[in-house]
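Lettering of chains follows the sequences in order, A, B, ..., and the numbering in each one begins at 1.
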2 protein chains.
Amino acid sequence: MSTAHHCDAAARAEQVLARRGARITQLRRDVLRALMREDRPVGAYQLFDQLKARDAASAPPAVYRALDFLVGEGMAHKLQSLNAYVGCACFEHAHDAHFLICRGCNAAEEVPTTAIRKQVDTDAAERGFAVERMVVETVGLCADCKGRA
Amino acid sequence: MSTAHHCDAAARAEQVLARRGARITQLRRDVLRALMREDRPVGAYQLFDQLKARDAASAPPAVYRALDFLVGEGMAHKLQSLNAYVGCACFEHAHDAHFLICRGCNAAEEVPTTAIRKQVDTDAAERGFAVERMVVETVGLCADCKGRA
DNA sequence: AGGCGTCCGGTTACATTGTAACCATCGGCG
DNA sequence: CGCCGATGGTTACAATGTAACCGGACGCCT
């Protein structure tokens with residue numbers, strides 16, 4: 001696993017944010033990079049500990065604020081079933097996602113939601129429900145971990 | 001809104017559990033009924049406070065254990081995006097669900113997942129991922145709250 | 001009936017996750 | 001320059017969830 005890919009993701013994300021006119025501060029950059037460096041979901045306090053060790057963060061609220069910013073910009077997602085965050089160098093401001101979360105290796109693969117979103121919209125429309133946000137998370141075993149079982 | 005419906009739900013759930021041979025203790029019954037009495041998601045500590053007031057629960061772990069039992073039996077679901085629980089007088093041991101969660105009135109309507117589940121299975125199969133559990137939650141405004149806006 | 005093993009829940013003490021509130025600072029802008 | 005909104009530092013806490021240990025209840029078997 002080369003780190004090049006992850007650096008690229010962070011760099012790409014920063015470019016997108018810049019083009020968008022978003023304020024990229026040092027803290028936000030640090031959080032973004034820390035997130036991207038991992039290829040797994042990371043807890044807010046895990047991030048905090050990492051950053052704290054480098055004097056890059058002062059206290060939990062700072063980290064949560066940066067995470068909220070990144071999630072709002074679509075550069076991170078929160079995994080509700082893990083209370084953890086993953087990075088995502090996406091070009092859309094905010095977008096929903098479907099995560100395949102492996103309970104073997106803790107990887108979380110983001111996959112597109114077009115078909116699911118359509119079905120959710122149908123379910124909602126039938127009931128006059130206006131969709132704002134969607135959470136889709138699937139827990140199980142990835143191909144590798146399934147094999148290793 | 002009559003309470004009859006909710007009592008029926010709790011009674012029905014207890015019947016199903018009984019037929020299944022599950023151990024229905026006083027605590028579990030109390031938690032089940034408290035859950036069913038609400039028509040909204042309820043936090044574990046909210047339940048705890050209610051039960052505590054009636055001397056029906058001693059401490060948080062007891063409530064969490066009862067909730068785990070009920071979720072395992074398919075008589076309750078956890079809403080990951082709210083950290084809250086809802087009852088469900090279903091006949092399946094465990095089943096996934098799609099929840100339409102209204103941020104106006106906090107109602108959570110459970111709707112079937114057949115179509116979504118199929119798509120999730122497809123997404124997963126394409127990547128060799130073995131699905132075990134699925135979380136689908138949609139946040140927005142229900143018909144009533146949309147109107148009231 | 002007696003003894004055994006398992007399941008359940010009481011209890012204590014914490015761990016983890018998330019936030020409210022207040023203030024200092026910084027950067028842009030008139 | 002002086003104002004203003006956005007950002008983040010700081011403190012103190014709220015809310016959510018759990019580990020570990022124990023005793024008692026219950027079913028089951030002999």
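Rounded to whole Å, atom C1' of D/dA6 lies 8 Å from atom CZ of A/R28. Atom C1' of nucleotide D/dT7 and atom CD1 of A/I24 are separated by 14 Å, given to the nearest angstrom. Distance A/E73 CD to D/dA6 P: 14 Å, rounded to the nearest Å.
Taking a 4.0 Å limit (strictly below) on heavy-atom distances, residues 61-71 of chain B reaches DNA chain D at B/P61, B/Y64, B/R65. In the region residues 44-59 of chain A, proximity to DNA chain D at under 4.0 angstrom, judged on heavy atoms, holds for A/S58, A/A59.
Between B/T122 atom OG1 and B/R127 atom CZ the span is 10.5 Å, to the nearest 0.5 Å.
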Could you pull out all donor-acceptor pairs under 3.5 Å where a side-chain atom in residues 83-111 of chain A meets a protein atom, sequence neighbours excluded?
unit_1	atom_1	unit_2	atom_2	d
A/H95	NE2	A/H77	NE2	3.0
A/H95	NE2	A/E110	OE2	3.3
A/D96	OD1	A/T113	OG1	2.9
A/D96	OD2	A/R117	NH1	2.6
A/H98	ND1	B/D123	OD2	3.1
A/H98	NE2	A/T138	OG1	2.7
A/R103	NE	B/E132	OE1	2.6
A/R103	NE	B/E132	OE2	3.3
A/R103	NH2	B/E132	OE2	2.9
A/E110	OE2	A/H77	NE2	3.3

Anything under 3.5 Å between a donor and an acceptor, one on a side chain of residues 53-65 of chain A, the other on a protein residue two or more places apart or in another chain? List them.
none

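Between D/dG8 and A/R23, no contact under 4.0 Å exists linking OP1 or OP2 to a side-chain N or O. Not one side-chain nitrogen or oxygen of A/N83 sits closer than 4.0 Å to the OP1 or OP2 atom of D/dT16. Between B/K78 and the phosphate of D/dT16, there is no side-chain N or O to OP1/OP2 separation shorter than 4.0 Å.
Put simply, the side chain of B/Q50 never gets that close to the backbone of B/A34: no donor and acceptor are under 3.5 Å apart. Although no hydrogens or angles enter the test, the distance criterion places a donor-acceptor pair under 3.5 Å between the side chain of A/Q46 and the main chain of A/G43.
Hydrophobic clustering of Ile, Leu, Val, Met, Phe, Trp and Tyr side chains at less than 4.5 Å, counting indirect connections, keeps A/L67 apart from A/L82.
Within the 4.5 Å cutoff, no side-chain heavy atoms of A/K118 are placed close to those of A/I116. A heavy-atom distance below 4.5 Å is found between the side chains of B/V16 and B/M75. Looking only at side-chain heavy atoms (C-beta outward), A/R28 and A/T25 come within less than 4.5 Å of each other.
Taking the 5' to 3' direction, DNA chain C first and last meets chain A under 4.0 angstrom from a heavy atom at C/dT17 to C/dA21.
The two residues B/E137 and B/V135 have their closest heavy-atom pair at OE2-CG1, 3.5 Å.
In this structure A/R29 satisfies the side-chain hydrogen bond (donor to acceptor under 3.5 Å, both in side chains) test together with A/E14, sequence neighbours excluded.
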